[in-house]
Amino acid sequence: MPDRTKPPATETLTGVSAAPGFAVGKVHLLDGPRQYQIKERSLESHEVAGEVRRLRKAMRQARDELSAICNGIDSPPDDPGLQLLTAHRMILEDRSLLNTIVETIKSDRVSADGVVHRVFTEYISRMENSDGEYFRARGEDMRDVLRRILGQLLELDAQAVKSIPKDAILVAPELSPSESACLDPRRILGIATDHGGPTNHAAIMARSRGIPAVLGLGNITARVREGDTILLDGNHGRVQLRPGPAELKAFRKLQEEERRMRVSLGRLARLPSHTKDLQRIPLLANIEVPDDADLALSEGAEGIGLYRTEFFYSRRAGWPTEEEQFRAYRRVVRKMRNRPVVIRSMDVGGDKFAMASGIGRESNPFLGMRGIRFSLAHPEIFRTQLRAILRAAALGNVRILLPMVSSLDEVREAKRLLGTVRRELEREGVPIRALPIGVMVEIPSMVVLSDLLSREVDFLSIGSNDLIQYTLAADRGNENVAHIYNPFHPAILRSIYQTVESGHRAGISVSSCGEMSGDPLAVLLLLGLGVDQLSVSPSRLKPVKQIIRSVTIRDVRHIVEDALTCATTLELRELLTRSFPAAAELVWPDVPDDSEPAEPAS
Ligand code: PEP
Ligand code: MG
């Protein structure tokens, strides 16, 4: 445990730049017990069985969580900490306790969290009022177990993020997808975490909400205390803890310069996206929730190139109904008027865990039940989403995109299901329009088969976040391999080249929607490779447009011919830096810089 009695002097930690910008603020630590609020909800009789299932699942997950902690402790079996956790697990396995809760849910028709809280509080008060140290200690154990079950039932992680004091810099070991989904730029000035990389969902969310973030700092949670002042530099992936007055002054000056630069980019939102020699490159936005579409529009997006619908699923305990999904999609389609809206079918699994999915813990989730695999394994859930998308498609310019596709069988099966749903809606008299269907090229098998794939779909979208991770076998969120995970690897360049060639030969468009599309040098590479359009976080729209407008398509194509002969990442970086010195000097943070690997924090 860190010594938290006397304030240590100032120190600087280096991590991975995840979202640009500078922030000065007071630390709010998210490593303590998360707060919760119980609101008992009455149930309709048809809801009772579902609520009991939700309770059983939460108890199971709480038990698994404890087992994982116990397995990770390298201590002898008589270690008091291990014994305590084993005792907690036994409470979770106590059948009479479970039966009492289940019977109360059934008889009182009250939501699981309310009943769990009531039953546990009763036990706890009985124990705490008994004579003797032993019983009082058991009361404390029960309190701990209660928090663990409620953590599962109420998504406490997400609640904790919502209750952060205003103008704080959030410091946490890491942020789960549901916590990331709740980040509010009006409250949070910056984010600093022990773990995580530039393309995990905390980073993507921070960027799309415009919150400066540095991830993968090693052990920042152990080095700061609640209320410490910190300087966070999201452009260079650095944080300085407890700065002195001179450092604070210098940092504020930098912050002001950055603000001025943003203002100077302001007018770009209304300028067209084309190169100097007038090659049009439509620039669209990636969004996670309907409200993000407003920011996308104000930043000049020509449409939504990637609507990640799984955030919709990760915020709730059950599956959303067709009507709920339809309303969310309709909001985006209406906001965008007739601009294109590419809705990606749910990509749950991997790091995007949907509470209701029942996937459980997989030892290798990125290679497991994720994206289209999950959708095809659960056709009823998939059909509900397809119905909602098809209905929204009648109101605008909608396209559907399939994630995590690894074979043409999956594409055919998804198209078959889409056809069935379309006929079903037609029979019901629901108005529908043609819905172009595209595939994310993010697994190497789809690059290899891109010629055949291009004959069966209407467009391709390169998902570089996953394509890099699966091609280079480097986890996109693991800071230990951040130096291997690199968009400038020649294998990535050639994969994109092959995909674009295949798409164009078949006469379909190829876009790019991974985080790579928001890096200055990578943008030039993508243009030179012939990618037709780019989709980026709303906060990246203007800087990317500035890059597009600064070059001719002839120049970038010419450089890419040489780039395709490079054998190593370093050679490719050097060629690009030599050819585009101005772009190379721009510091945008997403993409790890191989020439200057991030030092792991001590
Ligand atoms: C990608 O993989 O590049 C992508 C855009 O999808 P996601 O980041 O949601 O996996
Ligand atoms: Mg992906």
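When a ligand or atom number is given, it counts from 1 through the structure's own listing order.
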Worksheet entry | Partner residues of Ser517 under the side-chain hydrogen bond (donor to acceptor under 3.5 Å, both in side chains) criterion, sequence neighbours left out | Ser512

Ignoring hydrogens and angles, write down the donor-acceptor pairs under 3.5 Å from the side chains of residues 528-538, residues two or more places apart or on other chains.
| from | atom 1 | to | atom 2 | distance (Å) |
| --- | --- | --- | --- | --- |
| Asp532 | OD1 | His504 | NE2 | 3.2 |
| Asp532 | OD2 | His504 | NE2 | 2.8 |
| Asp532 | OD2 | Val510 | N | 2.7 |
| Ser535 | OG | Ala285 | O | 3.3 |
| Ser535 | OG | Asn286 | OD1 | 2.6 |
| Ser535 | OG | Gly305 | N | 3.4 |

Contact atoms of ligand 1, heavy-atom distance to [X] under 4.0 Å:
X: Leu306; value: 5 (C)
X: Asp466; value: 1 (C), 2 (O), 3 (O), 10 (O)
X: Gly463; value: 1 (C), 2 (O), 3 (O)
X: Arg308; value: 4 (C), 5 (C), 6 (O), 7 (P), 8 (O), 9 (O)
X: Arg476; value: 2 (O), 7 (P), 8 (O), 10 (O)
X: Cys513; value: 5 (C)
X: Arg370; value: 10 (O)

Discussion item. Any nitrogen or oxygen of Glu515 lying under 3.5 Å from a nitrogen or oxygen in ligand 1? Just yes or no.
Written reply: no

Discussion item. When you compare ligand 1 with Glu310, is there at least one nitrogen or oxygen pair between them that comes in under 3.5 angstrom?
Written reply: no

Discussion item. Nearest N/O/S atom of Glu442 with respect to the Mg ion (ligand 2), by atom name, please.
Written reply: OE1

Worksheet entry | Proximal heteroatom of Asp466 relative to the Mg ion (ligand 2) (N/O/S) | OD2

For [Y], does its backbone N or O pair with a side-chain atom of [X] as donor and acceptor, under 3.5 Å?
X: Gln61; Y: Gln152; answer: no
X: Arg187; Y: Ile164; answer: yes
X: Lys335; Y: Asp294; answer: no
X: Asn364; Y: Leu367; answer: no

Worksheet item: Under 3.5 Å, is there a donor-acceptor pair between the Thr221 and Asp194 side chains?
Response: yes

Worksheet item: Would Glu324 and Tyr329 count as having a side-chain donor-acceptor pair, cut-off 3.5 Å?
Response: no

Worksheet item: Closer than 2.8 Å to the Mg ion (ligand 2), do we get an N, O or S atom from Asp347, backbone or side chain?
Response: no

Worksheet item: Can Gln469 be said to touch ligand 1, with heavy atoms closer than 4.0 Å?
Response: no

Item to complete: Could you check whether the rings of His236 and Phe22 sit parallel, tilted or perpendicular, using 30° and 60° as the cut-offs?
Response: tilted

Worksheet item: Using a heavy-atom cut-off of under 4.0 Å, does the side chain or the backbone of Met404 touch ligand 1, or both, or neither?
Response: neither

